[in-house]
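Single-structure report; data block below.
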Amino acid sequence: MDYRELGEMAYTTKSKIVALFLGMAVQVCALEEQPWFHPPFNFHGKGAVDGSFFTNVNNGYNPIDYHSTNIQVIAGLLAPVSPRWDAEIEIELESTSKYNFGFESAAFQIRRLFLNDIVEDFVSFDIGVNVRAVPAQRLHDVAVPYHDLWNFELTSALGKEFTQENEWLWRTFVSAALGQANRGYPWVKANFDIRAKAFKDYMFTAFLRSYFGLGNRTLINVRDFDGYAFYRHQSIDVGATFTIFFNARGSLTLSYLHRFLARSFPEDYNSFRLTYDLPFSF
């Protein structure tokens with residue numbers, strides 16, 4: 001191997017590394033929930049830019065009509081390491097009415113697939129764990145939906161895929177999480193998704209998200225707030241997405257979410273999100 005070949009290899013490797021970090025820098029996503037894993041070492045740089053707002057905090061006072069407009073960016077990388085295991089990292093950056101744009105949280109998740117309906121099982125089923133770290137200052141903002149500095153979750157998802165001629169047409173799954181922070185009370189989440197693919201290059205999704213804190217407080221002092229660790233908060237969100245697939249170049253998704261129930265939590269909440277998922281391998 002001559003110096004020219006070595007130089008080309010070094011340039012290619014460097015380009016891939018730069019592309020990875022540039023992809024992560026402009027992407028936003030939530031931690032993966034669907035119980036269908038990507039092929040091993042088929043990495044995904046995922047993310048979106050999210051604009052959201054809420055007009056009030058239910059059971060909130062000081063002030064009683066607090067509202068916030070938020071811009072969020074989250075860098076994420078999903079790494080399937082085998083047919084049964086994947087790992088994911090995520091970093092959130094956000095600006096709210098209370099704080100300027102800056103670091104909000106970082107998370108790590110690992111999951112294990114136990115049943116796979118793509119191969120031989122009737123359904124797909126996985127179990128995972130994740131941990132999210134949040135700066136102390138950000139916990140003083142009611143727009144930040146976390147309990148405390150360290151937030152741990154045990155997750156699971158159960159799904160079914162419906163195919164035709166080796167191409168999936170419908171996917172539906174339910175997912176759940178049980179969480180506990182380094183202080184305070186636990187929380188539970190329960191979500192539902194149904195996805196339909198059209199003409200192989202498009203996908204439509206409808207979803208429901210719920211988040212219930214099991215604390216003993218209900219009144220929120222907005223100006224003297226320190227995370228949701230001790231609150232009996234409740235929220236149910238509904239939404240829809242439209243996705244365009246670009247084959248090897250990934251996919252682009254536009255989503256809308258509306259909160260139709262809130263207790264001791266931001267209400268009249270609406271979110272618009274643009275997400276890009278870029279698959280790659282070394």
task: Measure the CG-CG distance between N130 and L31 for me, rounded to the nearest 0.5 Å.
output: 5.5 Å
task: Return yes if some donor-acceptor pair links the side-chain N/O of Q109 with the main-chain N/O of G128 below 3.5 Å, else return no.
output: no
Any I220 side-chain heavy atom under 4.5 Å of F265 side chain: no
query: If two hydrophobic side chains count as joined below 4.5 Å and joins carry through other members, does Y185 share a cluster with L178?
result: no
- prompt: For atom CG of N100, is the number of surrounding heavy atoms from other residues, nucleotides or ligands below 6.0 Å larger than 12?
  reply: no
field: Nearest-0.5 Å distance, CG of residue D117 to OG of residue S124
entry: 3.5 Å
- request: Kindly compute the distance separating NE2 (H44) from OG (S251), expressed to the nearest 0.5 Å.
  value: 8.5 Å
field: OH-OG1 distance between Y256 and T241, expressed to the nearest 0.5 angstrom
entry: 14.0 Å
- prompt: Is it true that V123 and I194 fall in one hydrophobic cluster, defined by side-chain heavy atoms closer than 4.5 Å?
  reply: yes
- prompt: When the ring planes of F225 and Y228 are compared, do they come out parallel, tilted or perpendicular, using 30° and 60° as the limits?
  reply: perpendicular
- prompt: Applying ring-ring contact (aromatic ring centres under 6.0 Å, His included), which residue pairs with at least one partner in residues 117-168 are found, sequence neighbours left out?
  reply: H147-W187, H147-H233
Nearest heavy atoms of N70 and S97, plus distance in Å: OD1-N, 4.3 Å
task: With sequence neighbours excluded, tell me which residues meet side chain to side chain donor-acceptor pair (under 3.5 Å) with Q234.
output: none
task: Indicate if I127 and L78 have the same hydrophobic cluster label, given that clusters are the connected sets of ILVMFWY residues with side-chain heavy-atom separations under 4.5 angstrom.
output: no
field: Exceeds 12 heavy-atom contacts within 6.0 angstrom, atom NE2 of H67
entry: no
- request: May I ask you to decide whether K46 forms a salt bridge with D277, counting only side-chain N to carboxylate O separations under 4.0 Å?
  value: no
field: Within-4.5 Å side-chain heavy-atom neighbours: R132 and E90
entry: yes
ILVMFWY cluster, L113 and V129 together (side-chain gap under 4.5 Å): no
task: Taking all non-hydrogen atoms of both residues into account, name the closest pair between N56 and I64 and its distance.
output: OD1-O, 2.9 Å
- prompt: Hey, is E88 close enough to R111 for a salt bridge, meaning N to O under 4.0 Å?
  reply: no
message: Is the terminal nitrogen or CZ of K197 (NZ for Lys, CZ for Arg) located under 6.0 angstrom from the six-membered ring centre of F245 and within 45° of that ring's axis?
response: yes
query: Would D193 and R209 pass as an ion pair if we require N to O under 4.0 Å?
result: yes
query: Is there a path of hydrophobic side-chain contacts, each under 4.5 Å between heavy atoms of I, L, V, M, F, W or Y residues, that connects F199 with I244?
result: yes
task: Would you indicate whether the side-chain heavy atoms of P135 and F103 approach each other to under 4.5 Å?
output: yes
query: Closest approach of F272 and F53, non-hydrogen atoms and distance?
result: CE1-CE2, 4.4 Å
- prompt: So, the side chain of S210 versus the backbone of A190: is there a donor-acceptor pair under 3.5 Å, distance only?
  reply: yes
Point-to-point distance, once rounded to the nearest 0.5 Å, from CZ of F204 to OG1 of T243: 9.0 Å
- prompt: Quick one: does R112's side chain have a donor or acceptor within less than 3.5 Å of a partner on R84's backbone?
  reply: no
task: Examine distances only and state if a side-chain atom of S52 and a backbone atom of S271 form a donor-acceptor pair shorter than 3.5 Å.
output: no
task: Determine yes or no for a side-chain-to-main-chain donor-acceptor pair under 3.5 angstrom, with R259 supplying the side chain and P266 the backbone.
output: yes
